[in-house]
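Below: the structure, in structure tokens.
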Amino acid sequence: MICLFLTLFSYLLRPGWTGVNERTFIAVKPDGVQRRLVGEIVRRFEKKGFKLVGLKLTQASEELLKEHYWDLRSKPFFGSLISYMSSGPVVAMVWQGLDVVKTARKMLGETNPADSLPGTIRGDYCVEVGRNVIHGSDSVESAQKEISLWFRQHELQWWEDSSKDWIY
Ligand code: DAT
Ligand code: MG
């Protein structure tokens, strides 16, 4: 019983999993890159107070994207989603901070830009669900899966955040 408890405890305390160490996977989609929205999106996450721990410009393979969107494989738009996402480079990022998964979803807005409030990224920069400029993990569990799918461990940086005492 104690052993089970300790295992669970160390599992929860693994870096990047809870509290201020929570991490999320964010990607500027090919339309966001083409439309020069990378700087604006990074700016919003930086100014909010989250910490950037991984970033790369990458052309995702169809294989990776099919795995990334595996839960949507039976949807009628799955094929067009995969070709849209593989149509050009994406900027893949990992951001860290307290409640970053939930907060990032709020910063993104709703899946359909038409339902997204002004002030959110999708509310401000796009109009169609099939060109909604940004991805963000929808739960801590999917964030963990997505980060390990898109990034190797050595691509994530550990660095001391000099502003942390002003944020927390
Ligand atoms: P989200 O990206 O907000 O997590 P999701 O996981 O339900 O939304 O869907 C993933 C992506 O698939 C979404 O960002 C855009 C696309 N998509 C979702 N619903 C769609 C629809 N009805 N028609 C076309 N594309 C859609
Ligand atoms: Mg989703």
Side-chain angles (χ1 to χ4, degrees), residues 12 14 16-19 21-152 155-156:
L12 287 173
R14 277 177 62 168
W17 291 49
T18 55
N21 290 325
E22 185 174 302
R23 289 177 174 185
T24 195
F25 174 70
I26 299 292
V28 183
K29 295 179 176 182
D31 50 333
V33 174
Q34 293 284 352
R35 294 182 50 213
R36 312 295 195 267
L37 292 171
V38 174
E40 170 61 22
I41 287 167
V42 169
R43 189 189 68 84
R44 289 186 178 211
F45 281 87
E46 277 192 317
K47 291 211 157 186
K48 175 72 179 166
F50 292 132
K51 179 177 171 181
L52 182 63
V53 293
L55 178 144
K56 62 182 174 186
L57 179 72
T58 178
Q59 171 70 56
S61 66
E62 287 197 11
E63 190 189 10
L64 181 150
L65 291 165
K66 283 179 180 162
E67 198 167 339
H68 175 82
Y69 282 127
W70 182 246
D71 292 347
L72 300 174
R73 64 195 179 282
S74 58
K75 300 282 183 191
F77 57 82
F78 187 69
S80 58
L81 175 62
I82 301 302
S83 60
Y84 154 54
M85 288 296 293
S86 56
S87 65
V90 304
V91 172
M93 297 179 272
V94 178
W95 287 92
Q96 182 172 311
L98 187 64
D99 288 324
V100 68
V101 172
K102 190 173 81 180
T103 307
R105 291 287 294 191
K106 286 192 181 158
M107 292 166 68
L108 263 60
E110 300 300 318
T111 303
N112 188 339
D115 299 328
S116 302
L117 290 174
T120 63
I121 294 165
R122 286 167 174 167
D124 286 348
Y125 299 118
C126 52
V127 289
E128 202 183 287
V129 68
R131 296 288 184 273
N132 63 0
V133 306
I134 186 165
H135 167 83
S137 310
D138 63 6
S139 66
V140 173
E141 196 195 14
S142 0
Q144 287 159 5
K145 276 192 218 151
E146 292 171 2
I147 291 166
S148 58
L149 181 64
W150 287 80
F151 284 90
R152 310 285 295 275
E155 295 177 301
L156 302 176

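Note that ligands are numbered from 1 as they come in the structure, with each ligand's atoms numbered from 1 the same way. On a predicted model such as this, the values are computed, not experimentally measured, just so you know.
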Measure [X] to ligand 1 on non-hydrogen atoms and call it side chain, backbone, both or neither using the 4.0 Å cut-off.
X    : value
V129 : both
K29  : side chain
L108 : neither
L81  : side chain
M85  : neither

Quick check: Y69 and ligand 1, any N/O pair under 3.5 Å apart? no
Parallel, tilted or perpendicular: ring planes of F50 versus F45, cut at 30 and 60 degrees: tilted
Whether H68 and F25 hold their rings parallel, tilted or perpendicular, with breakpoints at 30° and 60°: perpendicular
Can you tell me how far apart CD (E155) and OG1 (T58) are? Round to the nearest 0.5 Å. 8.5 Å
Centre of F151's six-membered ring, under 6.0 Å away, within 45 degrees of the axis: is that where NZ or CZ of K56 sits? yes
Minimal heavy-atom distance between E46 and W95, with the atoms involved, is CG-CH2, 3.6 Å
Taking only non-hydrogen atoms of R122 and a 4.0 Å limit, the atoms of ligand 1 in range are 1 (P), 2 (O), 3 (O), 14 (O)
For ligand 1, which atoms, with element, lie under 4.0 Å from some heavy atom of N132? 13 (C), 14 (O), 15 (C)
Report, as yes or no, whether the 6.0 Å neighbourhood of atom CZ on R43 holds more than 12 heavy atoms from other residues, nucleotides or ligands. yes
Proximal candidate to atom 21 (C) of ligand 1 [heavy atom criterion; set Y84, F77, F78]: F77
Filtering D71, L72, T111 for the heavy atom nearest atom 6 (O) of ligand 1 leaves L72
Using modelled atom types and a 3.5 Å cut-off, is there a donor and acceptor pairing between side-chain atoms of N132 and backbone atoms of P113? no
Please state which protein non-hydrogen atom is closest to atom 4 (O) of ligand 1 and give its distance, to 0.1 Å? R105 NH1, 2.7 Å
D138 heavy atom under 4.0 Å from ligand 1: no
Is any side-chain N of the basic residue among K66 and E63 closer than 4.0 Å to the acidic one's carboxylate O? no
